[in-house]
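Worksheet: one structure, shown below.
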There are 2 protein chains.
Amino acid sequence: MATGRTHRPATRSRGIPEATVARLPLYLRALTALSERSVPTVSSEELAAAAGVNSAKLRKDFSYLGSYGTRGVGYDVEYLVYQISRELGLTQDWPVVIVGIGNLGAALANYGGFASRGFRVAALIDADPAMAGKPVAGIAVQHTDELEKIITDNGVSIGVIATPAGAAQQVCDRLVAAGVTSILNFAPTVLSVPEGVDVRKVDLSIELQILAFHEQRKAGEEASSQDAAQPATTPVRPGSTDDSDRKGPDGDVPAVMPA
Amino acid sequence: MATGRTHRPATRSRGIPEATVARLPLYLRALTALSERSVPTVSSEELAAAAGVNSAKLRKDFSYLGSYGTRGVGYDVEYLVYQISRELGLTQDWPVVIVGIGNLGAALANYGGFASRGFRVAALIDADPAMAGKPVAGIAVQHTDELEKIITDNGVSIGVIATPAGAAQQVCDRLVAAGVTSILNFAPTVLSVPEGVDVRKVDLSIELQILAFHEQRKAGEEASSQDAAQPATTPVRPGSTDDSDRKGPDGDVPAVMPA
DNA sequence: CCATCTTTGTGCACGCGTTCACAAAGACAT
DNA sequence: ATGTCTTTGTGAACGCGTGCACAAAGATGG
């Protein structure tokens with residue numbers, strides 16, 4: 001980022017906000033469920049409830065796509081499913097490779113929702129020679145040496161990285177060099193990629209830590225006086241010899257750590 | 001939402017922005033790596049680069065925690081690791097249960113980064129009686145019947161749902177009823193929970209769809225004239241018999257779908 | 001002790017996203 | 001055809017998050 005031209009200058013015409021794009025799959029899922037129940041139309045209120053969002057937000061989101069929907073009635077389910085699918089690019093087939101077939105990679109390969117919507121697992125790739133040839137989720141694992149060939153032969157543009165953290169950047173580089181321009185990263189690392197390549201990361205550990213923060217907040221809200229756990233190591237502020245200059249954003253933090 | 005009091009009224013004192021909280025784990029990870037390399041201090045510029053963010057943003061984030069850091073020098077690595085850990089609540093031990101020990105659940109149970117930072121897998125729970133007693137990641141799987149007992153006995157407040165979508169809401173309800181107040185949901189469903197319970201979702205399918213959107217955009221940017229795939233079913237606009245009223249947000253969308 | 005140099009901490013402005021609230025549009029009944 | 005009623009689509013206001021740019025703080029050298 002911040003290199004050369006700015007990431008994308010508000011994106012030409014068709015400026016669908018990123019936040020809206022991120023919600024479209026949610027709507028699509030809710031709509032698909034309605035479609036399977038043969039529900040013909042749905043109001044913004046109902047659909048918003050199903051997707052877990054505000055109805056005004058939903059309407060505004062849809063307004064970016066166009067003026068689908070009929071006032072006084074709602075949205076035609078089938079039609080909207082098609083429009084959103086098309087907008088998301090799910091009307092075409094996306095071959096995907098998964099690199100790193102450990103526990104997680106295997107789980108991803110077996111994940112049903114994968115193939116359901118336009119995505120197709122083109123190959124499973126692992127660095128362990130012992131894995132090569134072994135079938136996972138009905139697909140034979142191939143060795144990393146084949147990576148470039150697989151990408152080009154299948155025209156793969158989306159790659160999933162499920163390797164250990166140490167290997168992720170290297171795998172990423174090879175994927176990008178071979179032509180992949182979108183990466184879903186499960187490894188706990190910050191990947192650096194050239195401009196034009198999209199990276200999304202899924203990080204279990206980060207999600208848990210965010211939950212822990214809120215959990216701690218909740219716990220400390222009422223019984224805020226009793227400190228639970230004392231850490232084993234208690235670092236001392238580097239420069240200052242006394243602790244009296246500790247200043248939290250509020251005054252509510254005891255400026256102490258038992259020495 | 002929009003029910004009674006608003007979700008949390010900007011959260012009393014100690015107002016650390018949600019966006020900042022979400023980045024703290026990133027900083028923590030980068031700092032831990034530095035710590036292991038015995039680097040004593042780090043500047044905001046360096047640390048920001050390692051975490052993949054803007055340095056001004058990082059400094060502002062830290063300013064919410066307090067005035068750690070020394071002008072002209074930077075931040076003391078060890079000290080900052082401790083401060084962030086404490087802020088995130090990682091200085092205490094969080095017992096966690098994983099419900100749904102399929103491919104994904106097993107992967108999560110085996111995930112190393114789990115135990116590393118304050119989190120401890122207290123139990124693995126599955127609805128399949130055949131799974132009961134089988135060891136996964138060195139822990140014997142327990143049956144769903146035990147769920148409530150496990151939660152209360154271990155004082156579990158964080159639950160991970162890795163069940164099929166159909167079972168997720170039911171499991172969620174039981175977890176909440178038993179005392180869990182933070183949930184990490186891997187099932188592709190919108191969970192509804194009472195106020196005071198936090199839910200974070202991780203959804204592979206959604207991430208892929210977002211990538212597909214950008215991928216399609218990139219592909220269609222230069223060679224924008226040739227349409228790739230024609231969908232099998234081509235829904236017709238519900239109410240109107242002619243298609244001439246189609247109005248995209250721009251004029252660039254051909255107002256047609258082959259009938 | 002003073003000058004210089006580095007790096008933090010933050011005031012400010014800007015842009016994006018959310019939400020409210022309402023006019024316009026269309027369905028439906030009479 | 002006309003009126004009523006439902007629901008969409010959106011203008012406008014607001015709040016949050018980001019990034020710039022700089023003053024203040026402290027280290028370091030003479």
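Chain letters run A, B, ... following the sequence lines, proteins first, then strands; residues in each count from 1.
As judged by a 4.0 angstrom heavy-atom cut-off over every strand, Phe62(B) is placed among residues making no nucleic acid contact.
For the pair Thr32(A) (side chain) and Leu28(A) (backbone), a donor-acceptor distance under 3.5 Å is present. With hydrogens and angles ignored, the 3.5 Å screen pairs a side-chain donor or acceptor of Gln169(A) with a backbone N or O of Ser192(A).
Across all non-hydrogen atoms, the minimal contact from Tyr75(A) to Ser44(A) is CE1-CB, 3.9 Å. Of all heavy-atom pairs spanning Gln216(B) and Arg86(A), the tightest one is NE2-O, 3.3 Å. Contact detail for Glu215(A) and Trp94(B): the closest heavy-atom pair is CG-CZ3, 3.3 Å.
Atoms CG (Leu65(B)) and P (dT10(C)) sit 12 Å apart, rounded to a whole Å. If you take CG of Leu58(A) and P of dT8(D), they are 9 Å apart, rounded to a whole angstrom.
Remark: Arg59(B) pairs with no residue by the salt bridge (charged side-chain N to carboxylate O under 4.0 Å, His left out) rule, at least two apart or across chains. For Thr189(A), there are no side chain to side chain donor-acceptor pair (under 3.5 Å) partners, not counting sequence neighbours. Partners of Arg71(A) according to the salt bridge (charged side-chain N to carboxylate O under 4.0 Å, His left out) rule, which considers only residues two or more places apart in sequence or in another chain, do not exist here.
Interface residues of residues 37-48 of chain B facing DNA chain C, ordered by number: Ser43(B), Ser44(B); criterion, heavy-atom separation under 4.0 Å.
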Pairwise N/O distances under 3.5 Å, protein to nucleotides 23-26 of chain C:
residue, atom, partner, partner atom, Å
dA24(C), N3, Arg71(A), NH1, 2.7
dA25(C), O4', Arg71(A), NE, 3.4

Polar-atom pairs under 3.5 Å, protein N or O versus N or O of nucleotides 17-22 of chain D: list them with distances, or write none.
residue, atom, partner, partner atom, Å
dT18(D), OP1, Arg23(B), NH1, 2.9
dT18(D), OP2, Arg23(B), NH1, 3.4
dT18(D), OP2, Arg23(B), NH2, 2.9
dG19(D), OP2, Lys57(B), NZ, 3.2
dG19(D), O6, Lys60(B), NZ, 2.7
dA21(D), N6, Arg59(B), NH2, 3.4

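The pair Arg29(A)-Asp203(B) meets the salt-bridge criterion, with a side-chain N (NZ, NE, NH1 or NH2) lying under 4.0 Å from an Asp/Glu carboxylate O.
Dense packing is recorded around CD of Glu18(A), with more than 12 heavy atoms of other residues, nucleotides or ligands lying under 6.0 Å away.
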